[in-house]
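The structure appears right after this line, and notes come after that.
In this chain, numbering begins with 1 at the start of the sequence shown.
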Amino acid sequence: MRKKLRIYVPFINAGMQETTTYRVNWLFYMFGNVLGCFISYFIWNAVYNSSENSTMNGFTMPQMIVYIFLMFLTSTLVSSGGTYDIGEEIRDGSIAMRLIKPISYNATFLFQELGNKAMTICILIVPMVVGVEIVRFNFTGAVQFNILYFLLYLVSCVLAYLINFFFNICFGFIAFVIKYLWGANLMKNCIVGFLSGQTIPLAFMPEVLEKVFLILPFASLNYTPVMIYIGMYNGTTLLYFLGLQVFWALFFWGLSKLLWSVSVKYLAVQGG
């Protein structure tokens with residue numbers, strides 16, 4: 001096992017080097033996400049100020065602020081570019097070089113992204129968590145940080161990333177048939193963003209829709225980790241949603257194996 005993992009170490013290094021080499025691009029990407037974060041804050045601040053109730057669907061304004069910034073952190077940590085990468089490699093023909101190597105196609109993407117994630121975690125997670133806890137302290141007057149919930153949040157983020165990675169790999173295999181995924185990927189990102197609670201917390205949905213959305217895999221991407229961090233899930237509810245994440249991670253892993261064996265037969269390289 002150790003010898004096999006050693007094969008993929010260069011892909012981790014490549015992911016880290018990519019982040020440091022194109023750091024200006026990374027900074028602009030982060031700046032765009034932070035800007036969107038503050039836009040959400042001002043929108044929700046206006047909503048709460050115009051409401052007679054201090055609590056809406058179980059969220060107070062301080063909790064909503066924490067939710068917004070935790071959603072930014074979580075979506076960044078669990079993001080995966082597998083769909084885009086597969087589509088581009090099929091479009092320009094570079095996929096041929098990856099296919100001739102005696103290694104797992106999916107694993108090369110996974111370990112390359114892990115290198116990228118390592119850099120992102122080192123730069124983002126500490127200042128973001130400290131900032132969130134400062135906001136919570138200012139509103140409540142007491143330290144709200146819970147080490148157990150934080151560790152469970154990290155476990156949930158790992159499961160969320162695996163779900164997102166293998167889901168994007170499965171979606172990316174569509175490019176083997178339709179050849180170009182730019183438009184389909186935009187549509188997918190919009191739908192996933194809405195169903196995962198990035199646009200609006202799922203608690204604000206009608207009760208029937210909320211129950212349906214919580215079962216779908218998309219809630220496991222962002223909503224579940226954030227709700228664990230802020231203490232909205234505990235006891236059997238927490239175990240249920242962690243178990244649901246494990247189920248979806250295994251489901252999409254198995255589905256990616258199946259789709260790979262089918263879709264690779266339809267590969268037609270356009271570039272190269």
Side-chain angles (χ1 to χ4, degrees), residues 1 5 57-59 63 66-80 82-83 104 106-107 109-111 113-114 117 120-121 125 128-129 132 144-173 188-189 191-260:
M1 176 64 73
L5 289 175
N57 295 90
F59 284 84
Q63 287 176 322
V66 171
Y67 177 91
I68 291 168
F69 287 95
L70 277 177
M71 185 60 71
F72 158 71
L73 175 63
T74 306
S75 60
T76 302
L77 293 179
V78 308
S79 62
S80 174
T83 298
S104 169
N106 292 354
F109 283 111
L110 176 61
F111 282 92
E113 281 198 351
L114 288 178
K117 293 297 173 191
T120 302
I121 290 171
I125 194 165
M128 282 299 300
V129 170
V132 165
Q144 299 293 310
F145 183 75
N146 186 306
I147 186 64
L148 177 60
Y149 281 136
F150 178 70
L151 294 175
L152 288 171
Y153 166 78
L154 294 179
V155 171
S156 184
C157 281
V158 171
L159 293 171
Y161 171 71
L162 292 175
I163 295 169
N164 203 20
F165 173 79
F166 287 113
F167 169 73
N168 276 285
I169 288 291
C170 291
F171 192 87
F173 287 157
K188 183 263 296 179
N189 289 340
I191 294 173
V192 171
F194 177 75
L195 295 179
S196 66
Q198 279 185 266
T199 309
I200 181 173
L202 299 184
F204 284 74
M205 301 292 176
E207 186 176 354
V208 174
L209 286 180
E210 180 188 1
K211 290 180 179 179
V212 173
F213 290 168
L214 286 175
I215 297 174
L216 296 177
F218 311 111
S220 294
L221 301 182
N222 299 308
Y223 193 71
T224 296
V226 171
M227 296 296 276
I228 290 174
Y229 188 103
I230 61 181
M232 291 288 196
Y233 291 162
N234 49 60
T236 55
T237 303
L238 188 151
L239 292 176
Y240 167 77
F241 283 108
L242 285 176
L244 194 61
Q245 284 187 299
V246 172
F247 167 77
W248 283 120
L250 293 174
F251 173 82
F252 283 116
W253 171 77
L255 185 61
S256 69
K257 295 288 187 182
L258 176 63
L259 291 179
W260 168 253

Quick one: [atom1] on [X] to [atom2] on [Y], what's the gap to the nearest 0.5 Å?
| X | Y | atom1 | atom2 | result |
| --- | --- | --- | --- | --- |
| Asn189 | Ser196 | CG | OG | 10.0 Å |
| Leu154 | Ile125 | CG | CD1 | 5.0 Å |
| Thr236 | Phe241 | OG1 | CZ | 10.0 Å |
| Leu202 | Met227 | CG | CE | 8.0 Å |
| Ile68 | Phe59 | CD1 | CZ | 10.0 Å |
| Thr76 | Met71 | OG1 | CE | 11.0 Å |

Heavy-atom donor-acceptor pair, [X] side chain to [Y] backbone, under 3.5 Å:
| X | Y | answer |
| --- | --- | --- |
| Asn168 | Asn164 | yes |
| Gln245 | Leu159 | no |
| Thr237 | Tyr233 | no |

A side-chain contact here means heavy atoms from C-beta on lying under 4.5 Å apart; do [X] and [Y] qualify?
| X | Y | result |
| --- | --- | --- |
| Tyr229 | Phe145 | yes |
| Tyr149 | Ile230 | no |
| Asn146 | Phe150 | no |
| Phe252 | Pro217 | yes |
| Ile200 | Met205 | yes |
| Thr224 | Leu244 | no |
| Leu73 | Val129 | yes |
| Tyr223 | Gln198 | no |

Point to revise | Polar side chain donor-acceptor pair, Ser80 to Glu113, under 3.5 angstrom | key: yes

Practice item. Run the numbers on Leu110 and Phe165 for side chain to side chain contact (heavy atoms under 4.5 Å, CB included), then give the verdict. Key: CA-CA 7 Å; Leu110 176 61; Phe165 173 79; 3.5 Å; yes

Review point. Given Tyr67 and Gln63, is the side chain to side chain contact (heavy atoms under 4.5 Å, CB included) satisfied, shown in steps?
Key: CA-CA 6 Å; Tyr67 177 91; Gln63 287 176 322; over 6 Å; no

Check your understanding: Closest approach of Phe72 and Met128, non-hydrogen atoms and distance?
Key ->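 Shortest heavy-atom separation between Phe72 and Met128 comes out as CD2-CE, 3.5 Å.
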
Point to revise | Heavy-atom closest contact (Ala249 atom, Ile163 atom, distance) | key: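 Here Ala249 and Ile163 meet closest at N-CG1, 3.6 Å.
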
Point to revise | Which residues share a side-chain contact (heavy atoms from CB on, under 4.5 Å) with Ile215, sequence neighbours left out | key: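 Applying side-chain contact (heavy atoms from CB on, under 4.5 Å) to Ile215 gives Tyr240.
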
Point to revise | Those residues that, when tested against Thr74, pass side-chain contact (heavy atoms from CB on, under 4.5 Å) (two or more places apart) | key: Val78, Tyr153, Cys157, Asn222, Pro225, Val226

**Study point:** Result of checking Tyr161, Phe218, Phe251, Trp253 against Phe167 for ring pair (Phe, Tyr, Trp, His ring centres under 6.0 Å)
**Key:**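 Option passing the ring pair (Phe, Tyr, Trp, His ring centres under 6.0 Å) with Phe167: Phe218.
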
Check your understanding: Picking from Leu151, Ile228, Leu238, what satisfies side-chain contact (heavy atoms from CB on, under 4.5 Å) with Ser156?
Key -> Ile228

